[in-house]
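Report on the following structure.
Hydrogens, waters and symmetry mates play no part in the numbers below; they use all other heavy atoms, side chains included.
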Amino acid sequence: MTNPLKITDLTLRDGHQSLIATRMRTDEMKGIASEMNKVGFWSMEVWGGATFDVMIRYLDDDPWERLRVLKPLLCDTPLRMLLRGQSLVGYRPYSDDVVCAFVHHAAQCGIDVFLVFDPLNDERNLLTAFKAIRETGKHIHAQLLYA
């Protein structure tokens with residue numbers, strides 16, 4: 001097959017974000033992660049958006065440690081994150097040096113695929129993240145939003 005279907009599972013990011021207000025702790029994910037690794041997903045979205053904020057604010061869980069814990073359990077499956085362009089996982093734009101440092105650290109901790117979007121579809125807010133992702137050698141998924 002020259003262009004096989006590639007499926008990304010969203011259970012460990014959007015699944016619990018949408019269904020239970022992002023309240024799954026890393027320890028609750030560990031039990032199923034190895035089994036999900038066997039499925040053969042092209043990638044698994046495990047991080048980004050509200051997950052980062054909620055882990056710190058409400059769960060007393062370390063978002064960076066989540067990646068370091070999940071990576072060996074999902075060793076055959078690339079890990080994907082949702083990145084809000086210049087706003088990263090926050091709610092306001094950050095300086096270029098912060099964006100670069102964040103992307104590089106996320107890649108070091110286990111992120112293989114970065115799904116990058118800007119809520120206003122302003123491509124200028126994507127450029128710094130794209131450059132930093134390219135520097136890490138990781139995969140960029142660029143996304144446009146429409147409603």
Going through the checks in order, is the side chain to side chain contact (heavy atoms under 4.5 Å, CB included) test met by His141 and Phe117? CA-CA 9 Å; His141 271 184; Phe117 74 99; over 6 Å; no

Does Ile111 belong to the same Ile/Leu/Val/Met/Phe/Trp/Tyr cluster as Ile56, with side-chain heavy atoms less than 4.5 Å apart forming each link? yes

Please find the pair of heavy atoms, one from Thr26 and one from Asp61, that lie closest to each other, and give the distance. N-OD2, 2.8 Å

For Leu10, what are the other residues in its hydrophobic cluster, where any two members join if their side-chain heavy atoms are less than 4.5 angstrom apart? none

Heavy-atom pair of closest approach, residues Gly48 and Arg13: O-CD, 3.6 Å

Sub-4.5 Å side-chain heavy-atom contact between Val89 and Asp53: no

Just how far is it from atom OG of Ser43 to atom NE2 of His139, taken to the nearest 0.5 Å? 8.5 Å

Has the side chain of Glu28 got a donor or acceptor atom that lies under 3.5 Å from a matching backbone atom of Arg25? yes

Please find the pair of heavy atoms, one from Cys109 and one from Arg68, that lie closest to each other, and give the distance. SG-NH1, 3.2 Å

Would you check if the side chain of Asn125 reaches a backbone N or O of Asp118 as a donor-acceptor pair within less than 3.5 Å? no

Which distance, rounded to the nearest 0.5 Å, do you find between the CE of Met24 and the CG of Leu59? 10.5 Å

Cut-off 3.5 Å, side chains only: do Asp122 and Gln86 have a donor facing an acceptor? no

Could you tell me if the side chain of Met36 sits less than 4.5 Å from the side chain of Asp9, heavy atoms only? yes

Co-membership, hydrophobic cluster, residues Phe52 and Val113, 4.5 Å side-chain: no

Heavy-atom closest pair (Thr77 atom, Asp112 atom, distance to 0.1 Å) is O-OD2, 4.5 Å

Is there a continuous path of hydrophobic side-chain contacts, each under 4.5 Å between heavy atoms, that joins Tyr94 to Phe102? yes

Heavy-atom pair of closest approach, residues Ala33 and Leu74: O-CD2, 3.1 Å

So Lys131 and Leu127, do their side chains get closer than 4.5 Å, heavy atoms only? no

Over-ring placement of Arg80 relative to Phe114, 6.0 Å and 45° cut-offs: no

Answer yes or no: does atom CG of Asp60 have more than 12 heavy-atom neighbours from other residues, nucleotides or ligands under 6.0 Å? no

In the single-linkage hydrophobic clustering (I, L, V, M, F, W, Y; side-chain heavy atoms under 4.5 Å), do Trp64 and Met29 co-cluster? yes

Roughly how far, to the nearest 0.5 Å, is OG1 of Thr8 from CG of Asp14? 12.5 Å

Measure the CE-CG distance between Met55 and Asp62 for me, rounded to the nearest 0.5 Å. 6.5 Å

Minimum heavy-atom separation for Thr128 and Cys100, please, with both atom names. CG2-SG, 3.9 Å

In this structure, would Trp47 and Val98 fall into the same cluster of hydrophobic residues linked by side-chain contacts under 4.5 Å? yes

CD of Glu35 to CD1 of Ile32: how many Å apart, nearest 0.5 Å? 6.0 Å

Measure the shortest side-chain to side-chain distance between Asn37 and Cys75 over non-hydrogen atoms and say whether it is less than 4.5 angstrom. yes

Carefully, step by step, assess Val54 and Arg23 under the rule side chain to side chain contact (heavy atoms under 4.5 Å, CB included). CA-CA 7 Å; Val54 169; Arg23 294 310 193 259; 3.4 Å; yes

Given Thr11, Leu12, Leu82, the one that forms side chain to side chain contact (heavy atoms under 4.5 Å, CB included) with Val46: Leu12

Working to the nearest 0.5 angstrom, can you tell me the gap between Leu79 CG and Leu73 CG? 10.0 Å

Leu115 versus Met81: any side-chain heavy-atom pair under 4.5 Å? no

